[in-house]
Amino acid sequence: MSLNVVILAAGRGKRMNSQIPKVLHQVMGRPMLRYAIDAVRPLRPGKTVVVIGNGAELVKKEMAGDDRLSFVIQKQLLGTGNALAVARKELKKGALLVLNGDCPLITAKTLKTLIEKHRRSRNALSFLSFSDGAMKGYGRIFRDEKGRVTGIVEDKHATRDERKKFDELNGGVYLMEEEVLGCLEKVKKNSSSGEYYLTDIVGIAAGEGKRVEAYNCPSEEIRGVNNREELLRVSEIIRHRIINKWMLKGVTFINPETSFVSPPALIGKDTIIYPNTYLEGRTRIGKSCTIYPGSRISDSILGNNVVIKDNTVIEESRVGDRSSIGPFAHLRPHSVIGRCAKIGNFVETKKSVIGEGTKASHLTYLGDAVIGKNVNIGAGTITCNYDGKNKFGTVIESGVFIGSDSQLVAPVKIGKDAYVAAGATITRDVPSGDLAISRARQQNLKGWALKRKLKVKS
Ligand code: UD1
Ligand code: CA
């Protein structure tokens, strides 16, 4: 049987107090709406329709490139019932799952269970419920004396007695057969809010004798985001879920409270992650690595047994097995560091390839460079890759020794096994096996300092 999905995401999100549409606010580095989309993906829906309205163009742009999604625009935000009515024309034949775009904690597992129970009981309409006295403002599920669902009343419209009597709350996730969609036409505008409530179809369907049931699920999964406080709370729950998952898979966190691991990031076994670390985007960390405190690694790939020393930033780069980076290093985009290499204190690289066993241990800038194996880059070496207008490359072949405080003015090439003496400004290629010296010869003026001292005294 085919399944359609509708995600309601047109709402204003007034309480976020923001210019950004609510569903685009970030939870662990990704727009909130992504989580609902990801939760339904394993169900293999025939079609996923997202209802947008507030900030529609922005939402569409942010979700671009996902061709499994289609969008419909709800021109006037007339409530959840109206939102689904707008989406109806986009739907294919089959059952329909409806969920909210502002509930990022819902899991595929819970949705699968709902589908199973719905099918087993041959319901016309099934939805998720939960019980949690601390969660406020949800719809209340009314049942008759036989325990049959008779309808949903929003918390703000319920009387005190009703609130006392009915403490089962609406999770806002519905699974319905096509026939139930007809009930939407019977939903009346709520007289006090002026909205059409999707929740009203529950009472309408039940009243028509259709089989309707609510199934309890963990309240955590229902937790929505209406303001920044809830955004933080939801983000924290997802952060914990991710870190717990990696701990079970064999990763050690020294202080998980201060570690951030993005949902798509991957971490190998026996890697140790110290406090204040950020693994962002599609970062992949190999096995048995150590990430010391204060580092941010973004969209990068690290091999096995890599050590990242304190306060290092790595962006869109790769690091080979057994290499050591930092402390205080910055690998800017498109740095490719080979195996067993060392990028040390205050070294910055950009768009450079650094060969196996090569060391740049201190205070260096390597930009637009291709560097071979077992090269030693002395402290304070700089590739002068920019003339104010254009960028040029530097090639350093294997086995080269670059003395400290040298400038390599690109484009320039240092041949295999060559030496560059300390303090050089290299403007011409250095042939393989040569020594390049570029500095004024040293003079020692005999007794100069002593004479000066005597002069000052007298
Ligand atoms: C809704 C339910 C409530 C349930 C809760 C669960 C209704 C009337 N109430 O309340 O019973 O307990 O969800 O989270 O449905 N939206 C639109 N167009 C609109 C209005 C809303 O697309 O015109 C979208 C919003 O962007 C949001 C979702 O629908 O993603 C839910 O709307 P919201 O206003 O947050 O409903 P709740 O008050 O949370
Ligand atoms: Ca909500």
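When a ligand or atom number is given, it counts from 1 through the structure's own listing order.
Of the heavy atoms in Q74, only side-chain atoms (C-beta onward) come closer than 4.0 Å to ligand 1. Proximity of A83 to ligand 1, defined as any heavy-atom pair under 4.0 Å, is confined to the side chain (atoms from C-beta onward).
A cation-pi arrangement is absent between R239 and F260, since the terminal nitrogen or guanidinium carbon is not both under 6.0 Å from the aromatic centre and inside a 45° cone about the axis.
The shortest N or O to N or O distance between T199 and ligand 1 is not below 3.5 Å. Considering backbone and side-chain atoms alike, G137 places every N or O at 3.5 Å or more from each N or O of ligand 1. Any N or O atom pair closer than 3.5 Å counts here, and Y174 shares no such pair with ligand 1.
Which parts of ligand 1 touch G171 is read off a 4.0 Å heavy-atom cut-off, strictly below it: atoms 6 (C). Close approach to G101 involves these atoms of ligand 1, each under 4.0 Å from a residue heavy atom: 30 (O). Remark: ligand 1 atoms within the under-4.0 Å shell around heavy atoms of L78 are 23 (O). Every atom of ligand 1 is numbered from 1 in the order shown, and the set under 4.0 Å from a heavy atom of A9 is 22 (O), 26 (O).
For G224, the heavy-atom gap to ligand 1 stays at 4.0 angstrom or more. Not a single heavy atom of N82 lies less than 4.0 angstrom from ligand 1.
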Check: residues 129-136 side-chain donor-acceptor pairs under 3.5 Å, at least two apart:
from	atom 1	to	atom 2	distance (Å)
S129	OG	E168	OE2	2.8
S129	OG	N216	ND2	3.4
D132	OD1	A134	N	2.9
D132	OD2	S219	OG	3.0
K136	NZ	G133	O	3.0

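For the residue pair T277/S259, the side-chain donor-acceptor check at 3.5 Å is satisfied. Inspection of the N345 and K309 side chains reveals no N or O donor paired with an N or O acceptor under 3.5 Å. Under 3.5 Å, the side chains of N190 and S192 contain a donor-acceptor pair of N or O atoms.
Taking 4.0 Å as the cut-off between side-chain N and carboxylate O, D387 and K389 do not count as a salt-bridged pair.
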What's the verdict on side-chain hydrogen bond (donor to acceptor under 3.5 Å, both in side chains) for E315 and H334, showing C-alpha distance, side-chain angles and the deciding distance? CA-CA 8 Å; E315 303 162 296; H334 310 293; over 6 Å; no
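Note that CG of L366 and CD1 of I354 are 5.0 Å apart. Values are rounded to the nearest 0.5 Å.
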